[in-house]
Structure formats: structure tokens, C-alpha cells
Amino acid sequence: MDLTPYFLYSLFIATMFLQVRCTKPVIGMYGETIEVPCNNGAVKTDDLIFTKWKYAIDSNNSGDLLIKQAQKADAQIKAMDDYKTRVSIAANFSLLIQDGSMVDQRIFTCMVVYTSNLDEHPVSVLVYKKPLPPQIKDIAKELENGKLTPLGVCVAAAANPAADIVWSKNGMPLTSDENTIVITDTVTVDPLTRLSTTTSSLRYTAVKGDMGAKFTCTTKHPLETQTSSPETFIIQYPTEKLSLQVLAKDPIIEGDNVTLKCKADGNPPPTSFNFIIKGQKVTVKDSDNYTLTGVTRDNTGDYKCSLVNDGKMEASEKVVVKYLDLSLSSTGRVLKTVGDIFVVTVKLNYSNIPKVSWTKDNGKLDKAPTFEPVKYSDAGLYGCEASVEGIKRSQSFLLDVEGKPVIKRITKHRSEDGKNKVLTCEAEGAPRPSVQWSINGTNEESSYINGKAIHKITVVPSGNLTVSCFVTNKLGDDFMVINVTTLNKEEKKPEKGEHEDSSDQTKLIVGIVVGLLIASIVVGLGYWIYMKNSRQGSWKTGEKETGTSEESKKLEENNHKV
């Protein structure tokens, strides 16, 4: 049976009831496969005869792409142009376009023919491509303060649709005001690829605060927002203010090096400066600093710097050099005789009041030493230290004390076992005196501390002896004696700590002297009375008995009292 008349009739009927429904645009990616759905993917398969895809060549003409019969597995390619190798149909009747490009940005129509109907579904295809990463080109080497200067050009290349460009400074968008900021955008289309390139140029009026500011450009596109690498610029501006810095450790003390640094706020900074050093102008080229080597207290004062081409613009700073001098009236080795008056004075010269401390033999003293008079115990190494912040000064002297040896006393006592006697001789003197006894002894012990010498010997006296201790040094000598009696069995042993010494002999001598003194007084008094009576003639005849009796009685009473 011939179905051709039936098919033509059905096609005519379907055309009479044609429904054209526009769907939302399909966005395809440049260079990728674009899938164009037929009726949004809702194609009915009942009574389906065939599906046909075609595209709009222009507003009046269209071209066929392919036909897919319902009963056949493969589609029949009808396209004769570039689409011939790039189109195919999916299982859900969607059109597949390989290697999407700008020529694919048009209307494609899916025509679905049924036994009793015919539907057409036009689909608008848009081809998107994000721009290449933005770059800032034609970058200015530097910007001048207050002057409108071309800063750079930002390019967002090969995009569809064309990207928008936004300039920013430190992340804040810049807006063209046609005065201090001028932004000019242009869009060009490549005739071959039909892709768009957006170019934005920025002219900018810089200020000093823009030094170090980060400028970027950002491309805004439906597919992605991208930001360029930041750029910074050197801002040129004249010097308006100078400052002088003193580069040195704090505090500055004599002997330090001090660097004066002149700093200008202009850019580029000046390369040469004038330094005023103690009233003298010194010009330094290709440098902003001047160094004072090994400063002294005389370097204390005000220092200035100025521009070479503008001497009126200057800066100043004060330099204070700390110092401390310490001087003792006696240093080195000082030799004094015991009993001398020795005064040590301290002379200080300073920039700040120092703290002064004294030591003796490296031990700290509570106050300055005094020697009025000098004692043997004063001998030693004395140090004086003065200090202020960052400075210490010190001097010292070694005090040696000399003196002729003098024996202070000799003592004796029994030994612990009671069989011997221990003799002790104590003397003072310096240099250390040598000690000798007039008797040999055993168990000798000696010590010498702070000019005091102590020497002990143990003896066994064979009889009553007079023992002498003899001490000597280069300045003289001295001796003293003590009586030592024989040890008797009946002799009472002294209690522990009780001593026998040379005071027994002294007591005997004192007793004899006192007795002789009393006798001489009695004799003298009697002689005085006798002479008085003789002058008054109390021995005349007739008065002899009475006068003699009374005077004799008085004389007898006086003698008795004496």
C-alpha cells in the first residue's frame, strides 16, 4: 500500500495546527560540546514519525542539520557546511554540537512530526567564554604628587560576553570623576573568533599617602570574577620636612661612636645634606649620615642638618655625652706607721650624680673608711667604685701598716695535765716580729693576725726562773720578763682558765715602794717639828720640864699616828 498520499495529508494537517513554543536560551561553553534540548527534553515517542533539527542562517533563511527517523537507529546528516562534522543527535533527541564557537550563537529549531501533529521548538543558544586572566600593562614607572598621570591599562581578552573591568586601590573600587581619576573602557571584537576584548585605561592623580598602595583591576563576567596581581608605584613629591636622628646606644658615653642621620620626607629623597657640627658646616654627598668617632664630653651640644639646595629647611637634635671621673688622693701601695693620721679623699667629676661604694679585700664596706689613727687591723686592699647609668670607674690602694714591736703582756698557766707550764707572749708590730724566749721550750705555737703576734711555749721549770720574751722586727725590739717557779706537789693547781702572770712581781715591788714612802714621810715630819721648837727657844732653863713634857707628848702622839 502506498503511504505517500497519507503522509502528505498528515503533514498538511499537522502544518495547519503548528504550535511554535520558544524555550529559555541554552548557554554553551566555548570550545566544548553544546547540548541543545528538544522541547526541554520532553519529546513524546507515541505516533512519532521523525525528528528534524535545523538552524537559522539569517532572519529569512534556515538550514537543515539532520533528520532522525523513529524507526531508524542513526540520524541522516543534512548539513553541507561546518556543521556537517560537528552535529549529532542524542537519545533524548537533543542536538549535540561539538567544539562550540561563536558561530553557534543562534537559534536552533527542533521539528517533531507525529502521525497527526507537528511541533516546532526553537531554542536560542548563547556561547559563553570567560576572559583570560586580567593583566595591567603599560605600567607607569612612577607617579607625581598632584599630577594626573597614566597609571596603566587593564586587559580582559577573548571573552563572550565582553567582561566589565573595575579598578581598585587597596581593595576599594575607584570611580571616574573626570578630574583626579579618569577611567576609559573600550571593547573590541576579534573578526575571526568573534570574541571580545575589554581594555580599561586608568589615569590617576597620586598623593603622598599612595606610597605603597596596591592597585588592581578586576574583570567581572557571568562565568567568573578575576583580579590581577597588585601593582605598587613610586610617588614623587618634594621634601616638606627634615628630621635629624641620633643613632647611638643609650646612654652615650665617652668613647662611643655617634651617627647623625638626616631624613627627608620627599621622594625621591635628597642624596646630599649639610651637617652643622659645632658651628661648622660639613657637606656630605651621596649619603644621609655623618659619624662622630670616639666622642668626648666636649661633643655635647646641638647638631643640625639641612638641604644642600635649601639651607632654610633644617632639623636639629641635642647630643649629650655622659662622663664620670674618679680620683683618690692615695693610690697604689700606701705605707703608714701605726698611730698615724691618714685621710683618703675622693674627687669626682660627673654629668650625673654617681653612686659610690667601698670595698676592703673585696668585701663590701658600709661607708667610706677612716684611719684616725691608723691601726694594724686597717691594713688591706681598699677599692672605691663610682657608677652612673652605663659608666663605672674605680681606683684602689693597698694600705700597709708598720710599727715597732711592743709586748702587751706575758702570761703563764699550768698545762692541762699539771706537769708543765705554758708561757704566752703577746705583742703587736709590723712587719711580723720574730719571738725568742730566754729558755727552751716545746710545743711551740704562734699566730699573727692584724698586727698581733701570739707565741706559746711549754716548759718544765727545774727551779725558780726569771724568763724573758724578746720580740724584734726591722723597726725595733722589746722584751719583758716573768718569774716562773718550780712545780711543787703541794702547790695548788689553778682552776681552769686561771692564769699566773708577771703581776705577782709587780705587787711585791709596789709594796716595797709604798713602805719606803711612808717611812720618809714620818722622818720628814719629825724633823720639821724639831726645827720649829728650836726657833721658839723652847729649850731654855726653867721651861725645860714643862715645855719638854708637852712637846714630847705631842711628838709622841704624832709619831704614833704616823
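Quick caveat, the model's predicted, so the values are computed rather than measured.
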Seminar exercise, completed: Separation between SG (C262) and CG (L242), nearest 0.5 Å, reads 4.5 Å
For this session: Run the numbers on D400 and R333 for salt bridge (charged side-chain N to carboxylate O under 4.0 Å, His left out), then give the verdict.
Result: CA-CA 7 Å; D400 282 341; R333 183 174 181 268; 2.5 Å; yes
Exercise. Are more than 12 heavy atoms from other residues, nucleotides or ligands located less than 6.0 Å from atom CD1 of I181?
Worked result: yes
For this session: Using a cut-off of 6.0 Å, state whether more than 12 heavy atoms not belonging to I341 lie near its atom CD1.
Result: yes
Problem set entry | Check: T359 and Y382 side chains under 4.5 Å, non-hydrogen atoms | no
For this session: With side chain to side chain contact (heavy atoms under 4.5 Å, CB included) as the test, would you mind laying out the steps for V346 and L326 before giving the verdict?
Result: CA-CA 7 Å; V346 180; L326 168 65; 3.5 Å; yes
Problem set entry | Nearest non-hydrogen partners of N61 and D58, listed with the distance | N-OD1, 2.6 Å
Problem set entry | L95 side chain near V87 side chain, heavy-atom distance below 4.5 Å | yes
Problem set entry | Residue pair D210 / F233, side-chain heavy-atom distance below 4.5 Å | no
Exercise. Does K364 NZ have over 12 foreign heavy atoms under 6.0 Å away?
Worked result: no
For this session: Give a yes or no on whether K129 atom NZ has more than 12 heavy-atom contacts from other residues, nucleotides or ligands under 6.0 Å away.
Result: yes
Exercise. For D325, does its backbone N or O pair with a side-chain atom of R393 as donor and acceptor, under 3.5 Å?
Worked result: no
Problem set entry | Heavy atoms from other residues, nucleotides or ligands near CG of D74 exceed 12 (cutoff 6.0 Å) | no
For this session: Go through the steps for K304 and E317 under the test salt bridge (charged side-chain N to carboxylate O under 4.0 Å, His left out), then give the verdict.
Result: CA-CA 6 Å; K304 297 179 180 180; E317 194 67 38; over 6 Å; no
For this session: Say whether, by atom type as modelled, one donor and one acceptor occur between the side chain of T197 and the main chain of A158 under 3.5 angstrom.
Result: yes
Exercise. What residue among K52, K78, K54 forms salt bridge (Lys or Arg N to Asp or Glu O under 4.0 Å) with D64?
Worked result: K52
Exercise. Under 6.0 Å from the CD1 atom of I449, do we count more than 12 heavy atoms belonging to anything else shown?
Worked result: no
Problem set entry | Closest non-hydrogen atom pair, K137 against V155 | CD-CG2, 4.3 Å
For this session: Using a 4.5 Å cut-off on heavy atoms from C-beta on, say whether the side chain of Y290 contacts that of F273.
Result: no
Exercise. Quick one: does Q105's side chain get under 4.5 Å of N160's, heavy atoms only?
Worked result: yes
Problem set entry | Donor-acceptor under 3.5 Å (N92 side chain, S94 main chain) | yes
Exercise. For the residue pair F371 and F397, does the interplanar ring angle fall in the parallel (under 30°), tilted (30 to 60°) or perpendicular (over 60°) class?
Worked result: perpendicular
Problem set entry | Distance-only side-chain donor-acceptor flag, K169 / Y204, under 3.5 Å | yes
Exercise. Quick one: CD on E231 to CD1 on I139, what's the gap to the nearest 0.5 Å?
Worked result: 3.5 Å
Exercise. Nearest 0.5 Å, what's the CG-CD distance between D288 and Q245?
Worked result: 9.0 Å
For this session: Would you please test K261 and V246 for side chain to side chain contact (heavy atoms under 4.5 Å, CB included) and show each step?
Result: CA-CA 6 Å; K261 184 180 180 66; V246 178; over 6 Å; no
Exercise. Has K263 got more than 12 heavy atoms of other residues, nucleotides or ligands less than 6.0 Å from its NZ?
Worked result: no
For this session: Sequence neighbours left out, what passes disulfide bond (SG atoms under 2.5 Å apart) with C384? Give chain and number order.
Result: none
Exercise. Can you tell me if D361 uses its side chain to pair, donor with acceptor, with the backbone of L381 under 3.5 Å?
Worked result: yes
For this session: Inspect the contact between D378 and K360 and indicate whether a charged nitrogen and a carboxylate oxygen are less than 4.0 angstrom apart.
Result: no
Exercise. Do S377 side-chain atoms and K375 backbone N/O form a donor-acceptor pair below 3.5 Å?
Worked result: no
Exercise. Are a donor atom and an acceptor atom from the side chains of T180 and T205 found within less than 3.5 Å of each other?
Worked result: no
For this session: Step by step, work out the side chain to side chain donor-acceptor pair (under 3.5 Å) result for D265 and Y237.
Result: CA-CA 9 Å; D265 65 351; Y237 49 87; over 6 Å; no
Exercise. Can any side-chain N or O of K68 pair as donor or acceptor with the backbone N or O of K72 at less than 3.5 Å?
Worked result: yes
For this session: Output, in order, the C-alpha distance, side-chain angles, deciding distance and verdict of side chain to side chain contact (heavy atoms under 4.5 Å, CB included) for V26 and L126.
Result: CA-CA 6 Å; V26 171; L126 300 176; over 6 Å; no
Exercise. Taking only residues two or more places apart in sequence, or in another chain, which ones meet T193 in a side chain to side chain contact (heavy atoms under 4.5 Å, CB included)?
Worked result: Y30, D190, L195
Exercise. Between the main-chain N or O of G212 and the side-chain N or O of T232, is there a donor-acceptor pair closer than 3.5 Å?
Worked result: no
Exercise. Counting only heavy atoms not in K278, do more than 12 fall under 6.0 Å of its NZ?
Worked result: yes
Problem set entry | Cationic tip of R106 above Y55 ring, under 6.0 Å, 45° of axis | no
Seminar exercise, completed: Between K130 and the options Q226, E224, H221, the side chain to side chain donor-acceptor pair (under 3.5 Å) test singles out E224
Problem set entry | Donor-acceptor pair, side chain of D177 and main chain of N179, under 3.5 angstrom | yes
Exercise. Taking the side chain as C-beta and beyond, is there a heavy-atom pair between M313 and T239 under 4.5 Å?
Worked result: yes
Exercise. Using a distance-only test with no angle check, is there a side-chain donor-acceptor pair under 3.5 angstrom linking E178 and S176?
Worked result: yes
For this session: Run the numbers on W167 and L151 for side chain to side chain contact (heavy atoms under 4.5 Å, CB included), then give the verdict.
Result: CA-CA 11 Å; W167 288 91; L151 183 144; 4.1 Å; yes
For this session: Supply the atom-to-atom distance I253 CD1 to E389 CD, rounded to the nearest 0.5 angstrom.
Result: 10.5 Å
Problem set entry | Between CG on residue N170 and CZ on residue F215, distance to nearest 0.5 Å | 7.5 Å
Exercise. Ignoring hydrogens and geometry, is there a side-chain-to-backbone donor-acceptor pair from S329 to T345 under 3.5 Å?
Worked result: yes
Exercise. Are T291 and T259 linked by a side-chain donor-acceptor pair shorter than 3.5 Å?
Worked result: yes
For this session: Would you mind reporting whether I165 and C217 have side-chain heavy atoms less than 4.5 Å apart?
Result: yes
For this session: Measure the spacing between CG of L118 and OG1 of T115 and express it to the nearest 0.5 Å.
Result: 11.5 Å
Exercise. Side chain to side chain donor-acceptor pair (under 3.5 Å) between T227 and T218: does it pass, once the steps are laid out?
Worked result: CA-CA 4 Å; T227 302; T218 299; 3.1 Å; yes
For this session: Would you check if V295 and E254 make a side-chain contact, meaning some heavy-atom pair closer than 4.5 Å?
Result: no
For this session: Could you check D185 against S200 for side chain to side chain donor-acceptor pair (under 3.5 Å), going step by step and ending with a plain yes or no?
Result: CA-CA 4 Å; D185 295 335; S200 179; 2.5 Å; yes
Exercise. Has the side chain of T198 got a donor or acceptor atom that lies under 3.5 Å from a matching backbone atom of A163?
Worked result: yes
